[in-house]
Amino acid sequence: MNSPTRPRPQPGILDIAPYVGGESRIEGKAEVIKLSSNENPFGPSEAAVKACRDAAHQLHRYPSSDHAALRAAIGEVHGLDPARIICGAGSDEILTFLCQAYAGPGDEVIHTEHGFAMYPILARAAGAAPVEVPERGRVVDVEAILEACSERTRIVFIANPGNPTGTMIGGQEITRLADGLPPEVLLVLDGAYAEYVEGFDGGASFVEARENVVMTRTFSKIHGLGGLRIGWGYGPAHVIDVLNRIRGPFNLSQAQQDAAEAAVRDRAHVARCRKENARLRAWLTDALRGEGVEVDQSSANFILARFESPEEAEACDAHLKSEGLIVRRVAGYKLPQALRITIGDEAACRRVAHAVAQFRRERAGGSR
Ligand SMILES: *Cc1c(COP(=O)(O)O)cnc(C)c1O
């Protein structure tokens, strides 16, 4: 007989391995450079900081519950219909709404081999079963996704550019995926790094053309506001209506809304960060390749450095730590031989290149 002696969570919850964020400390080191969470080394727009500070005068007031001013600003800057934008506490909250609303017990949620760790977590939190699909050489494989699709599939998540791979698939591939999915399956295009790709709309044109495509975006990456927790989604009217029914009315403080509005309107800051990121990413990619480390072409604000073995990746990570540099091990993303390194400012990139070169030379010397 089934007689629980204490409260039990919903099925699936205890199968969740909690998300582990990037480290920010090294034992015994006061000065460190954190390159483990894809944060913007230049920080947020000055205007966003001011808006956040100004909002402190109204902390006794409840915030706007419809986020109208923020949605209008996003719509204006990105050329989108504000009525089909939804804002949340990070894009994580939008992804949570999507799973809660569209997947449940008995359903399947597809994510890819090296996909963002939140997708399976959120699928399980909704009671659904995450289904992992292989990638092809660290690139999303549309054919494999379509093959994995069953009558139980409710959602397909892909990040484009991907994290932690930094690779992208093009419009033709997305079209093939969208065309191949049954119309009742939701395709979620996670555009957390879209702003780093010059001229890329993050998948908005697919949202405009279809009834089953949603795009998510964030203020945590190029806008440098990861600490404030703001993200948004863009979808067909029927999906946005559903998500708004489960959204808490006060899910974003006025400080979050005001800072985000100022940030999205500061196009000059975004353009500067994109340009500097592209320059330093190319430089660091070349520098590491020059040391014999394999690096895929990245479209995001990090690179994935691949070593000869998991042991070498671990040893390099330890060496970087000894130099005060914190990068991300990605064994949990099925990439045990790799380290994900956020593109920092110029000084940080130089320190990484120098430390990796030192590591590789010491190793070559030691094995002779
Ligand atoms: C960083 C990141 C996000 C953004 O999360 P927030 O909740 O908006 O901070 C979403 N998707 C991917 C793939 C990411 O790397």
Side-chain angles (χ1 to χ4, degrees), residues 18-22 24 34-41 43-44 48 67 70 74 85-100 109-123 125 130 132 135 138-140 155-169 187-197 200 202-203 214-234 243 247 251-253 256-257 259-260 263-264 273 277 298-304 327-328 330 332-335 338 340-343:
Y19 183 83
V20 181
S24 54
K34 185 184 175 203
L35 303 170
S36 56
S37 296
N38 298 342
E39 294 154 341
N40 184 338
H67 314 147
L70 174 55
I74 293 170
I85 293 171
I86 180 171
C87 302
S91 47
D92 280 0
E93 191 179 29
I94 309 298
L95 300 171
T96 304
F97 294 157
L98 287 164
C99 282
Q100 255 184 283
V109 172
I110 290 181
H111 64 95
T112 63
E113 187 180 359
H114 310 298
F116 188 41
M118 286 306 294
Y119 307 148
I121 291 178
L122 297 174
E132 183 187 297
E135 297 192 11
R138 296 168 305 285
V139 179
V140 167
I155 306 178
V156 172
F157 282 116
I158 63 168
N160 201 32
N163 171 20
T165 58
T167 61
M168 267 190 101
I169 58 172
L187 172 60
V188 179
L189 303 174
D190 180 339
Y193 302 96
E195 292 88 348
Y196 286 104
V197 183
F200 179 49
V214 173
M215 169 181 75
T216 61
R217 302 285 286 262
T218 184
F219 283 89
S220 301
K221 305 287 158 57
I222 207 163
H223 293 293
L225 291 170
L228 207 51
R229 314 303 306 130
I230 317 138
W232 54 282
Y234 190 58
L243 302 187
R247 177 177 69 82
N251 64 325
L252 282 187
S253 70
Q256 286 167 296
Q257 295 179 47
V264 76
C273 294
N277 178 73
S298 168
S299 298
N301 68 337
F302 55 85
I303 57 171
L304 188 70
V327 302
R328 186 72 157 259
V330 283
Y333 285 90
K334 304 223 153 107
L335 293 162
R340 192 193 67 190
I341 307 172
T342 302
I343 304 302

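Predicted, not measured: the structure shown is a model, and the values here were computed from it. Counting starts at 1 for both ligands and their atoms, in listed order.
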> Which heavy-atom pair separates L252 from C87 by the least distance, and what is that distance?
Replying inline: CD1-CB, 3.6 Å
> Relative to ligand 1, is S91 under 4.0 angstrom through side chain, backbone, both or neither, heavy atoms considered?
Replying inline: both
> In terms of atom number and element, which parts of ligand 1 are under 4.0 angstrom from non-hydrogen atoms of N163?
Replying inline: 13 (C), 14 (C), 15 (O)
>> If we set the cut-off at 4.0 Å for heavy atoms, which region of K221 has an atom near ligand 1: side chain, backbone, both, or neither?
In response: side chain
> For atom 11 (N) of ligand 1, what is the nearest protein heavy atom, given as residue, atom name and distance?
Replying inline: D190 OD2, 2.6 Å
>> How far is atom 9 (O) of ligand 1 from the closest protein heavy atom, and which atom is that?
In response: S220 OG, 2.6 Å
> What are the two closest non-hydrogen atoms of L228 and A259, and how far apart are they?
Replying inline: CD2-CB, 3.4 Å
> T167 side chain to R138 main-chain N or O, any donor-acceptor pair under 3.5 Å?
Replying inline: yes
> Taking non-hydrogen atoms only, is R229 closer than 4.0 angstrom to ligand 1 via side chain, backbone, both or neither?
Replying inline: side chain
>> At less than 4.0 angstrom from any non-hydrogen atom of Y193, what atoms of ligand 1 do you find?
In response: 1 (C), 14 (C), 15 (O)
> Quick one: does E195's side chain get under 4.5 Å of K221's, heavy atoms only?
Replying inline: no
> Where's the contact between F219 and ligand 1, heavy-atom distance under 4.0 Å: side chain, backbone, both or neither?
Replying inline: neither
> Just distances here: any N/O of Y119 and N/O of ligand 1 closer than 3.5 Å?
Replying inline: no
>> Could you report the tightest heavy-atom contact between N251 and Q256, atom names first, then the distance?
In response: O-OE1, 4.2 Å
> Is there a donor-acceptor pair closer than 3.5 Å between any side-chain N or O of R328 and the backbone N or O of L35?
Replying inline: no
> For ligand 1, is there an atom lying under 4.0 Å from some heavy atom of G231?
Replying inline: no
>> Applying a heavy-atom cut-off of 4.0 Å, say which part of D92 lies close to ligand 1: side chain, backbone, both or neither.
In response: both
> Taking side chain as C-beta onward, heavy atoms only, is N160 less than 4.5 Å from L189?
Replying inline: no
> What heavy-atom pair brings D190 and A192 nearest, and what distance separates the two atoms?
Replying inline: OD1-N, 3.0 Å
> What are the atoms of ligand 1, with element, lying closer than 4.0 Å to any heavy atom of A192?
Replying inline: 2 (C), 3 (C), 10 (C), 11 (N), 12 (C), 14 (C)
